[in-house]
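What follows is one structure encoded as structure tokens, with my remarks underneath.
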Amino acid sequence: MSRQAPPPRHSRLATRLAKGGVDAVVVGGRAVNPPVVRASTVLFDTMGDLNEARRRRATERMFTYGARGNPTGFALEDVVAGLEGGYRTRLFPTGLAAISMVFLAYVRPGDHVLIADCVYQPVRHFVETFLKPWGVHVTFFRADGSDADAHITARTKMIYIEAPGSLVYEMCDIPALADLAHRHGALLVADNTWGSGVQCRPLMLGADISVMAATKYLSGHSDVMMGTVTTTQDVWQTLSTMADAQGAAVSPDDAYLVLRGTRTLSARLQMHECHAMEVVHWLNGLPDVARVFCLALPTDPGHELWRRDCLGTNGLVSFEFANATPAQADRFVDSLTLFGIGASWGGFESLATVSNVAGTRTCEDWSSAGPIVRLHIGLEDPQDLIDDLAAAFETVFGG
Ligand SMILES: Cc1ncc(COP(=O)(O)O)c(C=O)c1O
């Protein structure tokens with residue numbers, strides 16, 4: 001007899017409360033979306049089934065305990081693995097947790113890693129507070145990848161890139177860096193948050209591992225944190241084993257929110273891109289603007305690589321003031337009424353921040369650049385956003 005059989009009617013109240021309702025029979029159709037399966041404990045019909053699941057879970061996806069994933073998260077993993085064109089995906093509570101897990105899984109004290117200069121700034125913090133004290137040797141290389149081969153050594157185990165970077169969108173040659181890494185027995189890891197598996201797919205370009213902050217476009221609504229790691233089949237087991245060893249898991253409610261976001265990801269990105277391009281064309285050539293950073297502009301240094309390797313852009317647009325003090329840049333952002341002042345982009349809403357590019361680079365000197373504002377162009381009407389930007393220019397720099 002199944003362990004889940006309904007208790008006899010004469011059970012006492014406390015037993016009925018504990019056992020009732022778990023096996024409700026649903027007659028009729030089915031919901032569009034997979035259910036949110038909340039679980040720590042997972043039940044099996046027999047000890048044999050439990051032992052079998054325990055035996056197989058090291059190498060197969062098995063629902064055995066909430067800390068090892070849940071069916072809602074598994075559904076999201078499948079969507080992300082498909083987006084990235086990878087073998088499988090694991091989910092992590094934040095994008096940064098996903099990134100740190102990649103280093104923990106694949107490098108060891110004494111190893112050397114090469115990291116692109118344009119990485120998300122907290123990756124540098126992780127390098128300084130954990131990787132270096134742990135004994136890993138780290139060299140930063142130019143964001144466009146041009147000096148990576150000069151720094152690679154026999155001890156290099158990983159080249160880590162963010163392509164494009166997410167402040168001024170430097171593009172590197174992903175296939176060439178994959179080739180360089182593989183010739184030296186190293187892995188190429190890409191932070192693909194900018195591309196979100198839609199505009200860029202590093203695994204299809206030769207990378208071994210792709211990481212995304214699902215917090216951004218995948219979720220798309222600024223209300224949930226998550227990170228994803230997707231790998232090729234060859235390197236999968238190392239990641240999966242380390243994620244299990246560290247108890248990395250996400251809640252099914254968060255997985256549900258991100259899964260819901262992915263349903264509209266492609267449509268939202270098209271709209272973000274389209275709105276952002278209107279703003280780019282308007283900003284480009286303004287007397288108060290020295291440079292607009294956008295890979296879709298033929299003048300952008302990464303334009304040709306972007307055209308070759310990416311399918312489009314997104315809502316991120318940065319620009320450098322022609323002649324402004326840091327205080328004026330702050331005032332410009334403060335004057336905007338439709339843009340939130342915030343850093344975590346990828347939601348439906350527009351954002352603005354003053355970016356500290358000079359302070360987050362060690363290979364290139366950005367100290368002579370004017371203040372740089374990063375905009376995230378959301379789904380609002382682009383003409384309203386342009387009017388808001390025009391009013392802010394007027395407020396700070398006059399007519
Ligand atoms: C490019 C990039 N990678 C990773 C992260 C980290 O993601 P999370 O904020 O979910 O930790 C961010 C967050 O801003 C990011 O912009």
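As the structure is a computational prediction, the values presented were derived from the model and not from experiment. First listed ligand is number 1; within each ligand, the first listed atom is number 1.
Ion pairing between Glu77 and Arg61 holds under the 4.0 Å rule for side-chain N and carboxylate O. Ion pairing between a basic and an acidic side chain is recognised when a charged N comes within 4.0 Å of a carboxylate O; Glu128 and Lys132 show such pairing.
Of the heavy atoms in Trp194, none comes closer than 4.0 Å to ligand 1.
Using cut-offs of 30° and 60° for the angle between ring planes, the Phe126 and Phe103 rings count as tilted. Taking the six-membered ring where tryptophan is involved, the planes of Trp345 and His376 are tilted, since the angle between them lies from 30° to 60°. Relative ring orientation between His303 and Trp306 is described as tilted, the plane-to-plane angle lying within the 30° to 60° band.
Atom 8 (P) of ligand 1 has Gly95 N, 3.4 Å as its closest protein atom, hydrogens excluded (heavy atom only). When hydrogens are left out, the protein atom nearest atom 11 (O) of ligand 1 is Leu96 N, 2.9 Å; that is the closest non-hydrogen contact. Scanning all protein heavy atoms for the shortest distance to atom 15 (C) of ligand 1 gives Tyr120 CD1, 3.5 Å. In terms of protein heavy atoms, atom 4 (C) of ligand 1 is closest to Asp191 OD2, 3.5 Å. Here the heavy atom of the protein found nearest to atom 7 (O) of ligand 1 is Ala213 CB, 3.2 Å.
A donor-acceptor distance shorter than 3.5 angstrom exists from the side chain of Arg268 to the backbone of Tyr217, with no hydrogens or angles considered.
Considering backbone and side-chain atoms alike, Thr215 places an N or O below 3.5 Å from some N or O of ligand 1. Geometrically, ligand 1 and Ile99 share no nitrogen or oxygen pair separated by less than 3.5 Å.
The ligand atoms of ligand 1 that sit less than 4.0 angstrom from a heavy atom of Met225 are 8 (P), 9 (O), 10 (O). Ligand 1 places these atoms under 4.0 Å from at least one heavy atom of Lys216: 9 (O), 12 (C), 13 (C), 14 (O), 15 (C), 16 (O). The atoms of ligand 1 that sit less than 4.0 Å from any heavy atom of Glu162 are 1 (C).
Residue contacts with ligand 1: Ser166 is included, with a non-hydrogen atom under 4.0 Å away.
No path of Ile, Leu, Val, Met, Phe, Trp and Tyr side chains, each step under 4.5 Å between heavy atoms, connects Trp236 with Leu203, placing them in separate hydrophobic clusters.
Residues Thr139 and His151 have side chains that never bring a donor and an acceptor to within less than 3.5 angstrom of each other.
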